[in-house]
Number of protein chains: 2
Amino acid sequence: MMRAGLTAERVTLAAAELADEVGLDHLTMSAVARRLGVKDASLYAHVRGLEDLRGRIALLGADEKTIRIAEATAGRAGKDALVAYADAWRAYAHDHPGRYTATQIPMEIDPELLARAPGPRRAIELTYSMLRAYALTEPDLTDAVRLMRSTLHGFVSLEAAGGFAHARPAQESWLRCLDALHSLLEHWPAPDEGDPR
Amino acid sequence: MMRAGLTAERVTLAAAELADEVGLDHLTMSAVARRLGVKDASLYAHVRGLEDLRGRIALLGADEKTIRIAEATAGRAGKDALVAYADAWRAYAHDHPGRYTATQIPMEIDPELLARAPGPRRAIELTYSMLRAYALTEPDLTDAVRLMRSTLHGFVSLEAAGGFAHARPAQESWLRCLDALHSLLEHWPAPDEGDPR
DNA sequence: GTTTTTTCCTAGGAAGACTAGGATAGGCAT
DNA sequence: ATGCCTATCCTAGTCTTCCTAGGAAAAAAC
């Protein structure tokens, strides 16, 4: 009897593919096992359980997304970099909806595993270094980073949920939103004390 | 033997409460039945199944959220209205995380049920009428509405997922993001054709 | 008071998460 | 090559959950 040659990584990858196909919440241990040609009990030698598996998918997604963004923005600056960054983000979410969804679920991920994954940390660093091109200083820089991540994630998330009625193509709104973000970062407003009237 | 007096609405409400407590993805038919003091099979007289129940929770959440926003923004204008709108949005997500999560999941909701629910439609209308206070014309108005919804949803969603490391309080970033949104709406940029260098 | 409708139950099947314990494939040393 | 050892994979079984079918009885209609 041949062995399947399972590892935690291979199991995670198969699970990620499956999650992309059927949606993260339809991901089951049994289905992953079937895809790998293995009985479901065999998976537990490599992965603690379904919760753990979803955490691993989230980490994989974060790593992959970060790499894509890093490649896309390499050598670019200013609005070029911003658009490349945002497009890479959105493209990853489109290409890997299951993995992307996994990254946005509040989970207790194995701390040791999380410490080993460079993705989440590096993603933040990338954003900071890109936004440093604009004339922002702390704490505005942090707020701008959060605004940008919020907007990108929110857009992609609403788009995936069918939140944009088909009146106007999402792609056009997307481009205009990036225009707006760029303009906003160039003219970041001072804190607004009290009623301006 | 007394009857429990179930209706689709009561089942949905119990399910929504449970989803808020344990998280939407830990919502089970059995648990809802237990909370109502009823066997799980009894629920199927009022609700098609778990999927349908989640759809109903989503619709309930959309309705409630819309009402809260409408109340908060009533009689306000300009930045006042914007802040009230955004705060109400965020507060609802905090108060009812399960229902809020339900609204952002791509689902096939019973079309007849959806047609009966005023929430989703009215939410969009509210946003449009608020943003009409700024000097925006179509298609910029639609893009601005989408940007605003994206940013609010993204912020709330990332916050719930623990996406903001505790370096800076989320509340402060939130206020500054609203400043930024307001400023952006007042100075919505023209489309950026080609490379600006 | 009888009939009808609705509500809720019991019973049970199918699928999935997970555990315990056994068999064996492959690597390793001798 | 042979024997050992570890990790891998399986069988068997438990428990939970979703959901259906059909029956009993409570409430409603008449």
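Below, chains carry the letters A, B, ... as their sequence lines are ordered, and counting in each starts from 1. Everything numeric here is computed off the predicted structure, so don't read it as measured data.
- The distance between atom CG of L27(B) and atom P of dT16(D), rounded to the nearest whole Å, is 18 Å.
- Straight-line distance from the CG atom of D40(A) to the P atom of dT14(D): 16 Å, rounded to whole Å.
- Put simply, R48(A) has no side-chain N or O that comes within less than 4.0 Å of OP1 or OP2 on dT19(C).
- At the phosphate of dC10(D), OP1 or OP2 sits under 4.0 Å from a side-chain N or O atom of S42(A).
- Ring pair H153(A)/Y100(A) is tilted by interplanar angle, where 30° to 60° counts as tilted.
- Remark: P of dG16(C) and CG of L43(A) are 13 Å apart, rounded to the nearest angstrom.
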**OP:** Assess whether salt bridge (Lys or Arg N to Asp or Glu O under 4.0 Å) is satisfied between D25(A) and R54(B), documenting all intermediate values.
**Re:** CA-CA 13 Å; D25(A) 38 335; R54(B) 309 221 297 190; 3.5 Å; yes
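- Looking only at atom types and distance, the side chain of Q171(B) has no donor-acceptor partner in the side chain of R176(B) under 3.5 Å away.
- Here H46(B) reaches the OP1 or OP2 of dC8(C): one of its side-chain N or O atoms lies under 4.0 Å away.
- Taking only side-chain nitrogens and oxygens, R34(A) comes nearer than 4.0 Å to OP1 or OP2 of dG16(C).
- The NZ atom of K39(B) sits 18 Å away from the C1' atom of dG22(D) (whole-angstrom rounding).
- Distance M29(B) CE to dC19(D) P: 5 Å, rounded to the nearest Å.
- Following rounding to the nearest Å, Y44(B) (OH) and dG23(D) (C1') show an atom-to-atom distance of 19 Å.
- Protein atom CG of L50(A) is 14 Å distant from nucleotide atom C1' of dT17(D), rounded to whole Å.
- Residue S30(B) has a polar side-chain atom (N or O) positioned under 4.0 Å from OP1 or OP2 of dC18(D).
- The existence of a salt bridge linking R35(B) and E21(B) is confirmed by a sub-4.0 Å separation between a basic side-chain nitrogen and an acidic carboxylate oxygen.
- Here A41(A) lies in heavy-atom contact (under 4.0 Å) with a base.
- A distance below 6.0 Å separates the ring centres of W174(B) and F155(B).
- One can place NE2 of H26(A) at 14 Å from C1' of dA15(C), the figure rounded to the nearest angstrom.
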